[in-house]
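A, B, ... follow the sequence lines: proteins, then strands. Residue 1 opens every chain.
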Amino acid sequence: MSLIARIKQFLGFEAKPDKEAKPDSAKSADTGASKQEVEKVAEENAKPRIGYIHLSGCTGDIISLSENYDILAELLTNMVDIVYGHTLADVWWDDENPMPEMDLALVEGSVCLQDEHSLHELMEVRKKAAMVCAFGSCSATGCFTRFSRGGQQAQPAHESFVPIADLVKVDCAIPGCPPSPEIIAKTVVALINGDMDYLQPMIDLAGMTEACGCDLQTKVVNQALCIGCGTCAMACQTRALDMTDGRPELNTDRCVKCGVCYVQCPRSWWPEEQVKKDLGL
Amino acid sequence: MVLGTYKEIVSARSTDKQIQKVSQDGGIVTGLLAFALEEKIIEGAVVAGPGEDFWKPEPMVAMSADEIIAAAGTKYTFSPNVMMLKKAVRQYGIEKLGTVAIPCQTMGIRKMQSYPFGVRFLADKIKLLVGIYCMENFPFASLETFISEKMGVNPEMVEKMDIGKGKFWVYTQDDVLSIPLKETHGYEQSGCNVCLDYVAELADLSTGSVGSPDGWSTVITRTDDGNSIFQQAIEAGAFETKDMANVKPGLDLLKKLSAQKKDKNQKTIDKRKEMGLPVPF
């Protein structure tokens with residue numbers, strides 16, 4: 001079954017909702033998911049069952065999700081059912097308590113090849129979840145865990161950390177270290193709305209499992225595409241980028257390989273229709 | 001649509017004598033950002049301010065009308081303004097931010113607003129984005145070549161640079177020099193050659209000299225917010241306007257140049273695709 005059909009099926013509707021119904025689509029300043037929008041969505045659609053799986057990550061991604069203070073209560077009580085997770089819902093999985101079926105599994109963290117429990121959990125998630133989302137850069141690109149060389153407590157043998165897409169099929173990715181609260185809210189609302197146009201970049205990004213600040217040099221500057229706008233340096237979450245003579249300059253000691261600089265670059269991919277829609281142009 | 005989606009196009013100039021004296025043309029960017037600051041529509045603005053070297057601008061956060069006026073005038077080389085947006089919000093505590101951007105910078109900002117993967121709590125703080133027309137941008141060393149080598153002028157003597165009437169102009173205290181624009185070809189950054197946007201089609205409003213008489217600018221209002229702020233400024237007496245139908249050289253020139261950029265750069269895009277090189281558009 002196609003991904004679109006699966007999403008539509010688990011969301012319990014057939015046709016794409018009328019996009020023009022969005023009340024404030026013409027208001028340029030309001031690009032976030034507004035409360036009214038969230039409430040409207042909550043009323044109209046069945047609640048998807050969401051699981052949150054925590055592998056080798058710092059919990060920053062789920063904290064970012066919880067920073068959607070104004071919509072969080074609504075999100076957790078009326079929009080989605082959190083059916084699995086140690087942090088958001090106190091649900092653990094073992095031999096006696098099977099992992100529940102999920103419509104969407106948010107997987108935070110990369111997976112450690114020496115950690116049998118993590119490997120086992122990831123495989124089980126893939127079986128139980130209709131959609132697997134690499135949530136945050138560790139899960140999507142490996143991010144900071146790419147630097148691991150093992151030899152540390154509490155388990156010196158834990159050495160090799162890879163993005164989850166190296167082991168299982170990933171349906172979409174939300175890179176970020178962490179992803180912003182806004183992109184998480186926008187993604188959840190788009191998912192519930194079945195707004196496939198908005199989600200397309202996340203689906204495409206599921207294929208980006210290697211990232212580094214040097215992508216700007218090899219994929220943008222080297223390709224005669226850089227225009228020195230500074231978006232990459234603005235987006236960098238660890239201040240690893242500066243602009244020198246109109247070109248990004250990377251401090252490799254600070255780069256965590258999250259991929260956000262290249263993802264935000266207007267010359268890597270360009271969502272023209274979505275931007276125009278959001279601006280009312 | 002060769003000029004993008006818009007509401008209105010007029011010829012305008014600032015009524016402020018101080019701004020008229022320092023501005024490139026009609027003083028629209030300077031006048032509008034200063035107006036928005038005084039009216040508390042914005043609390044600060046990211047502009048291309050003077051840098052350490054002559055004619056090498058640095059993005060700066062202007063918190064007063066005086067600082068905005070000090071940054072007046074076109075700089076024909078990189079000022080990665082987008083990079084400063086996050087600093088303006090985080091380090092200066094600005095909640096309502098204005099900025100000026102060339103078309104490619106506008107694209108970086110708009111993409112971040114629609115897809116803020118790794119950029120938190122910034123997208124909805126940008127309240128006014130003034131776009132400027134842009135055919136191409138030059139590395140700083142290219143400008144040095146035009147001024148020092150081709151014109152034989154010490155860059156430190158230059159008081160103003162301008163492009164118009166098919167020439168690149170340099171004003172010193174007692175001289176006006178020019179070279180044909182043709183002599184600047186090949187010195188522009190190559191990233192400009194795939195850009196299809198001449199008139200900042202995604203800004204709240206766009207402006208530039210083309211189409212209007214000397215000392216005036218052509219203003220294109222686009223979003224609801226952009227249009228409303230510009231109308232407020234006119235009502236407050238910050239700008240005087242003329243109907244485009246009554247000015248020379250008029251809208252046809254603007255349309256012609258925009259179409260020329262789109263046609264020429266579409267050919268570059270097609271050629272790149274033939275060669276298998278990446279193109280985001």
Tell me whether the count of non-hydrogen atoms from other residues, nucleotides or ligands lying under 6.0 Å of [atom1] in [X] goes above 12.
X: B:Gln266; atom1: CD; value: yes
X: B:Tyr92; atom1: OH; value: no
X: B:Phe146; atom1: CZ; value: yes
X: B:Arg90; atom1: CZ; value: yes

For the atom pair [atom1] ([X]) and [atom2] ([Y]), what is the distance rounded to the nearest 0.5 Å?
X: A:Asp278; Y: B:Thr223; atom1: CG; atom2: OG1; answer: 13.0 Å
X: A:Ser180; Y: B:Arg120; atom1: OG; atom2: CZ; answer: 8.5 Å
X: B:Lys86; Y: A:Cys236; atom1: NZ; atom2: SG; answer: 7.0 Å

Which one of [options] has the most heavy-atom pairs closer than 4.5 Å to chain B?
options: A:Cys261, A:Gly246, A:Ser268, A:Cys258; answer: A:Gly246
options: A:Pro181, A:Ser64, A:Ala233; answer: A:Pro181
options: A:Lys276, A:Glu67, A:Lys219; answer: A:Glu67

Quick check: closest heavy atoms across [X] and [Y], and the distance to 0.1 Å?
X: B:Ala123; Y: A:Glu182; answer: N-OE2, 4.4 Å
X: B:Pro116; Y: A:Gln264; answer: C-OE1, 3.5 Å
X: B:Lys111; Y: A:Trp269; answer: NZ-O, 2.8 Å
X: A:Lys186; Y: B:Ser114; answer: NZ-O, 3.6 Å
X: B:Cys104; Y: A:Pro266; answer: O-CG, 4.1 Å
X: A:Leu281; Y: B:Leu202; answer: CD1-CA, 4.1 Å

Next item on the list: Please state whether the rings of A:Tyr198 and B:Tyr115 are parallel, tilted or perpendicular, taking 30° and 60° as the class boundaries.
Entry: parallel
What part of [X] gets within 4.5 angstrom of chain A, counting heavy atoms only: side chain, backbone, both, or neither?
X: B:Tyr6; answer: neither
X: B:Pro278; answer: both
X: B:Ile102; answer: neither

Next item on the list: With sequence neighbours excluded, tell me which residues meet salt bridge (Lys or Arg N to Asp or Glu O under 4.0 Å) with B:Lys264.
Entry: none
Check: Is there any side chain to side chain donor-acceptor pair (under 3.5 Å) pair reaching into residues 242-260 of chain A, and which pairs are they, with sequence neighbours excluded?
Finding: A:Thr244-A:Glu249, A:Asp245-B:Lys56, A:Arg247-B:Gln189
Next item on the list: Please assess B:Phe78 against A:Met243 for the test side-chain contact (heavy atoms from CB on, under 4.5 Å), listing each intermediate value before the final yes or no.
Entry: CA-CA 10 Å; B:Phe78 317 132; A:Met243 296 297 290; over 6 Å; no
Mind listing the side-chain donor-acceptor pairs of residues 129-138 of chain B below 3.5 Å, one per line with the distance, residues two or more places apart or on another chain?
from: B:Tyr133; atom 1: OH; to: B:Thr218; atom 2: O; distance (Å): 2.7
from: B:Asn137; atom 1: OD1; to: B:Thr77; atom 2: N; distance (Å): 3.4

Heavy-atom distances under 4.5 Å only: say whether [X] touches chain B with side chain, backbone, both or neither.
X: A:Pro179; value: both
X: A:Cys177; value: neither
X: A:Ile184; value: neither

Margin query: Sort by residue number and list every residue of residues 191-198 of chain B having at least one heavy atom under 4.5 Å from chain A.
Written below: B:Gly191, B:Cys192, B:Val194, B:Cys195
Note to self: Using side-chain heavy atoms (C-beta onward) and a distance below 4.5 Å, is A:Met202 in contact with B:Phe117?
What the structure shows: yes
Checklist line | Side-chain heavy-atom pair A:Leu279, B:Arg110 within 4.5 angstrom cut-off | finding: yes
Next item on the list: With a 4.5 Å cut-off on heavy-atom pairs, point out which of B:Arg222, B:Lys87, B:Arg272 contacts chain A the most.
Entry: B:Arg272
